[in-house]
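These figures come from a predicted structure and were not determined experimentally. Chain identifiers are assigned alphabetically (A, B, ...) following the order of the sequence lines, protein sequences preceding nucleic acid strands; residue numbering begins at 1 within each chain. Side chains are part of it too, since the values below use all heavy atoms of this structure and drop only hydrogens, waters and symmetry mates.
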Protein chains: 2
Amino acid sequence: MNVQLLNKKEAIFESTLKLINEYGFHGTPMSQIAARANVATGTIYHYFSSKDELILELFKYCRERTNDHIFNVDQALSYKEKFFFIWNRLVDYYIANKEVFWFIEQFYSSPYYELIQQKKNPSYYGADRMRLFFEEGIKSGIIRDVSFYTLVSIYIGTATSHVKMVTYGFCKMQAKGREDILEIIWNGVKNQ
Amino acid sequence: MNVQLLNKKEAIFESTLKLINEYGFHGTPMSQIAARANVATGTIYHYFSSKDELILELFKYCRERTNDHIFNVDQALSYKEKFFFIWNRLVDYYIANKEVFWFIEQFYSSPYYELIQQKKNPSYYGADRMRLFFEEGIKSGIIRDVSFYTLVSIYIGTATSHVKMVTYGFCKMQAKGREDILEIIWNGVKNQ
DNA sequence: ATTTAGCAATTGAACGTTCATTCGGTTGCA
DNA sequence: TGCAACCGAATGAACGTTCAATTGCTAAAT
């Protein structure tokens, strides 16, 4: 990542992200997180009360950054254009930031995610903007009136699945595959 | 291999599956796997050379069982019917066997999966039947001629995404949501 | 039919390592 | 002067793995 790290907290985040991507939750000791971030082990505990909290905070950090990025969209575009644009932005972002993608995927598949749900902390939920975006399409009659989670399964499910294929190396990152997916899901959800 | 051996091995598999589902890869010690399977810790090492090998074998075991189940389909059905049937079977199987689903998800998102890819062991790849099924639809002109991985993103991506929503408790396991998803992706992939 | 040899299966305490966390001390800045 | 930031060796618990000992089973030998 080419970003100039402004503080130690972000250095710790970036270090954790890379190590977890490489060795998984289990295989990344605090000592190595510290080493890669050029801080002492104890320093991490100045910012985070435990390893679990570090991982929870990192998840929030990743999700906020991702959401801020993908929903930064020109409101002058037509709904169809926005539908395509946001999907492509999400895929681009994840492919350019593989560590973020794999960390989020690992997190969602792990028991950590239940911890967050138990807390019932609204700031953990990042679905608000997605919900608004789909509601906009439904209310204006452009896309079919189906439930939010149905649309998420189709829109986000295909995007993450596609990113997995590409980062696994199964298929090349080529425009054709993306266009096909987008055309297919758009044909499926549009009203007519 | 006699019956007794299979029983112990399967008991270890089932125990591992449940514990990993509950505590994650990192949070499940061999001692607990043994306890839940009613065997001694050392016994596990009679069947598996290490914890990593146990997890790799368990992954193969889960994937084989899942594939055997979902592709057990009446060939007399029309292609569209099979398309709907297999998708529903996959979703049903995962919802009825949540530990299998979450284990596979965790595995795919973890660095373990790269280990398997490095081995280049064909027995690890379970995509053959899926590929044949899509080819059947393309050759007969029923579904659009797009790449295998595009179809996987749409077909499997939406299925796993839907299972996640349901097992997270975001949406009820009701017929409506499924029908909507299937109708949308079928509208998208069918020819013209 | 009984004995016996030998190997497979099983046990769980012990071992050595790794790791998250702590803490007493140091640095740097306001 | 005071306080936050920072350090890293020390601590103790947890964990994967080993191993010497025990049991159970099978089949050949008597």
Asker: Take atom CD of A/Glu10 and atom P of D/dA5, then tell me their distance rounded to the nearest Å.
Answerer: 16 Å

Asker: Would you indicate, yes or no, if D/dT17 has its OP1 or OP2 atom less than 4.0 angstrom from a side-chain nitrogen or oxygen of B/Lys51?
Answerer: no

Asker: Quick one: is C/dT11 close enough that its OP1 or OP2 comes under 4.0 Å of any side-chain N or O from B/Thr43?
Answerer: yes

Asker: Quickly, which of A/Asn187, A/Asn88, A/Thr158 forms a side-chain contact (heavy atoms from CB on, under 4.5 Å) with A/Leu182? Name it, please.
Answerer: A/Asn88

Asker: What is the distance, rounded to the nearest whole Å, between atom OH of B/Tyr47 and atom P of C/dT11?
Answerer: 9 Å

Asker: Calculate the interatomic distance between A/Ile44 atom CD1 and C/dC23 atom C1'; express it in whole Å.
Answerer: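 Rounded to whole Å, this separation is 16 Å.
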
Asker: Distance check needed: C/dT21 C1' versus A/His46 NE2, whole Å only.
Answerer: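 It works out to 16 Å between those atoms.
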
Asker: In whole Å, what is the span from the CG atom of A/Asn38 to the P atom of D/dA5?
Answerer: 19 Å

Asker: Among D/dG16, D/dC7, C/dA20, find the nucleotide with the atom closest to the side chain of B/Pro29.
Answerer: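 That would be D/dG16.
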
Asker: Tell me: CE of B/Met30 to C1' of C/dA13, nearest whole Å?
Answerer: 17 Å

Asker: Heavy atoms only: give me the nearest B/Tyr94-B/Thr160 pair and the separation to one decimal.
Answerer: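 Closest pair (atom of B/Tyr94, atom of B/Thr160, distance): CE1-CG2, 4.4 Å.
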
Asker: Hey, does B/Ser49 reach any base, or is it just sugar-phosphate, or nothing, if we go heavy atoms under 4.0 Å?
Answerer: nothing

Asker: Can you measure B/Glu53 atom CD to D/dT17 atom P for me and round it to whole angstrom units?
Answerer: 11 Å

Asker: Can you check the A/Tyr45 OH to D/dA5 P distance for me, whole Å?
Answerer: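 To the nearest whole Å, that distance equals 18 Å.
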
Asker: Nearest 0.5 angstrom please: B/Thr66 OG1 to B/Arg89 CZ, how far?
Answerer: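 The OG1 atom of B/Thr66 sits 11.5 Å away from the CZ atom of B/Arg89.
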
Asker: Looking only at the aromatic ring of each residue, does the gap between the centers of A/Tyr79 and A/Phe85 stay below 6.0 angstrom?
Answerer: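 Distance test on ring centres: not under 6.0 Å, no.
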
